[in-house]
Amino acid sequence: MNNKSLIAVWGSPSSGKTLTTVKLAQAFAAQKQNVLILCCDALCPSISTIAPQEAAKHASLGELLSLPSLSQEDVLRFAMPLDVTPHIALLGYKKGDNAFTYAAYNRERVVDLLTLARHLADVVLVDCSSFLSADPLSTVALELADHVVRLHSCDLKSLMFYASYLPLVADARFRRASVLPVLSNVKPSQDSREYRHVFGGIQLTLPHVAQLEQQTAAAKLLEHGSGKEAIAYQKAFNQLLTLLQPQEGKEAPKSKVRLPFQSLCKELERLKRLWPKRRGEGQ
Ligand SMILES: Nc1ncnc2c1ncn2[C@@H]1O[C@H](COP(=O)(O)OP(=O)(O)OP(=O)(O)O)[C@@H](O)[C@H]1O
Ligand SMILES: [Mg+2]
């Protein structure tokens with residue numbers, strides 16, 4: 001693997017993994033970095049809740065993972081570019097998919113996918129599912145990631161989740177990444193100090209913002225926020241972003257000429273239309 005960023009966003013159920021993944025993607029895209037988001041949740045497929053219009057006409061991550069072999073071209077063909085920004089593309093399960101829709105895939109397939117994704121994008125963001133035991137994609141992403149943003153919530157459910165799952169990710173194979181424990185979606189009424197103390201190691205706190213909750217409910221997460229609450233969130237979020245940037249002296253090599261994802265996907269479509277003609281077909 002080269003040294004471009006692979007960031008896994010993982011945490012307890014409903015801790016804000018999808019929301020944080022999308023906001024990070026927007027921030028990297030604003031720096032003109034190509035971002036590929038992998039949405040791992042096969043239980044509640046999320047791409048239709050992030051970009052409903054584009055998702056309706058797009059193929060599933062499940063189908064990509066069940067191809068006989070994987071190439072960069074396959075990943076680009078399945079990646080769903082967004083209309084709102086040319087620098088973000090998504091791969092995820094489709095509305096209606098379930099555990100039986102596609103053939104099972106193995107660890108090698110995930111390693112292939114993540115390796116190809118890293119070559120294609122400047123930043124690969126993996127919106128992991130909480131339940132690692134049921135999801136090889138999230139598990140391998142946690143093993144190969146450079147950074148793991150680990151989201152905790154101020155509730156007993158999150159405490160119980162980590163009591164069960166932290167021992168599972170204590171294995172040496174999960175120690176490659178730098179882990180950033182974050183207290184997420186903290187409401188003013190919640191005793192965040194107590195939870196910080198119990199979880200231990202929390203590096204920063206992302207406050208609750210009513211507008212963000214509304215964005216999720218209305219499938220408008222790609223909109224930008226404003227207002228007083230949003231300013232407090234942005235401040236903490238910027239700290240997170242700084243921690244995720246390459247350290248000095250470890251910067252990713254500048255890629256040659258890199259087209260935005262949207263243009264890459266369009267170019268692939270154009271080439272595909274030319275292929276039959278080249279082979280003398282379609283005449
Ligand atoms: N900072 C925040 N401010 C307001 N609401 C938030 C914030 N972070 C998360 N939420 C809300 O919490 C809920 C769960 O968020 P999200 O779906 O991103 O979590 P998740 O960890 O991806 O959940 P799942 O485990 O179901 O995949 C959503 O309604 C979302 O809007
Ligand atoms: Mg989610």
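Each ligand, and each atom within it, is numbered from 1 in the order the structure gives.
In this model, a donor atom of one side chain and an acceptor atom of the other lie less than 3.5 Å apart for D127 and T18. For D74 and S71, the side-chain atoms include at least one donor-acceptor pair closer than 3.5 Å. No side-chain N or O of Q211 forms a donor-acceptor pair with one of K220 less than 3.5 Å apart. Donor-acceptor pairing under 3.5 Å is recorded for the side chains of D135 and S129. No hydrogens or angles considered: nothing links the side chains of S130 and S12 as a donor-acceptor pair under 3.5 Å. Using modelled atom types, one finds a donor on one side chain and an acceptor on the other under 3.5 Å when comparing S133 with Y165. Looking only at atom types and distance, the side chain of K17 has no donor-acceptor partner in the side chain of S184 under 3.5 Å away. Between the side chains of S5 and R118, no donor N or O sits under 3.5 Å from an acceptor N or O.
Residue contacts with ligand 1: S15 is included, with a non-hydrogen atom under 4.0 Å away. Between C44 and ligand 1 there is no heavy-atom distance shorter than 4.0 Å.
The nearest protein atom to atom 13 (C) of ligand 1, hydrogens excluded, is given as S14 O, 4.4 Å; this is a heavy-atom distance. Atom 15 (O) of ligand 1 has as its closest protein heavy atom G16 CA, 3.6 Å. Among protein heavy atoms, the minimum distance from atom 18 (O) of ligand 1 is reached at L19 N, 2.9 Å. Among all non-hydrogen protein atoms, the one lying nearest atom 3 (N) of ligand 1 is V209 N, 2.8 Å.
When only interatomic distances are considered, the shortest N/O to N/O separation between T20 and ligand 1 does not fall below 3.5 Å. At a 3.5 angstrom cut-off on N or O pairs, Y233 does not count as close to ligand 1. Ligand 1 has a nitrogen or oxygen under 3.5 angstrom from a nitrogen or oxygen of K17. Considering both main-chain and side-chain atoms, L206 never comes within under 3.5 Å of ligand 1 through any nitrogen or oxygen pair. The N/O atoms of T216, backbone and side chain alike, include one that comes under 3.5 Å of an N/O atom in ligand 1. Considering backbone and side-chain N/O of A210, none are found under 3.5 Å from N/O of ligand 1.
Going from atom CG of L65 over to atom OH of Y102 covers 10.0 Å, rounded to the nearest 0.5 Å.
Residues W10 and F131 keep their aromatic ring centres 6.0 Å or farther apart. Separation of the H152 and Y162 ring centroids falls under the 6.0 Å cut-off.
With waters left out, the protein N, O or S atoms under 2.8 Å from the Mg ion (ligand 2) add up to 1.
Of all the atoms in ligand 1, the ones that sit under 4.0 Å from a non-hydrogen atom of P13 are 25 (O). Listed by number with element, the atoms of ligand 1 under 4.0 angstrom from any heavy atom of D41 are 27 (O).
Counting non-hydrogen atoms of other residues, nucleotides and ligands closer than 6.0 Å to CD of Q53 gives a total of 12 or fewer.
Annotation: side chain of L159 is in contact with side chain of Y195 (closest heavy-atom distance under 4.5 Å).
D83 meets the salt bridge (Lys or Arg N to Asp or Glu O under 4.0 Å) test with no other residue; sequence neighbours excluded.
Using a 4.0 Å cut-off between heavy atoms, L151 makes no contact with ligand 1 at all. Contacts with ligand 1 closer than 4.0 Å are made by backbone heavy atoms (N, CA, C, O) of P207 only, the side chain lying farther away.
Of the candidates L212, N185, T18, the one placing a heavy atom closest to atom 11 (C) of ligand 1 is N185.
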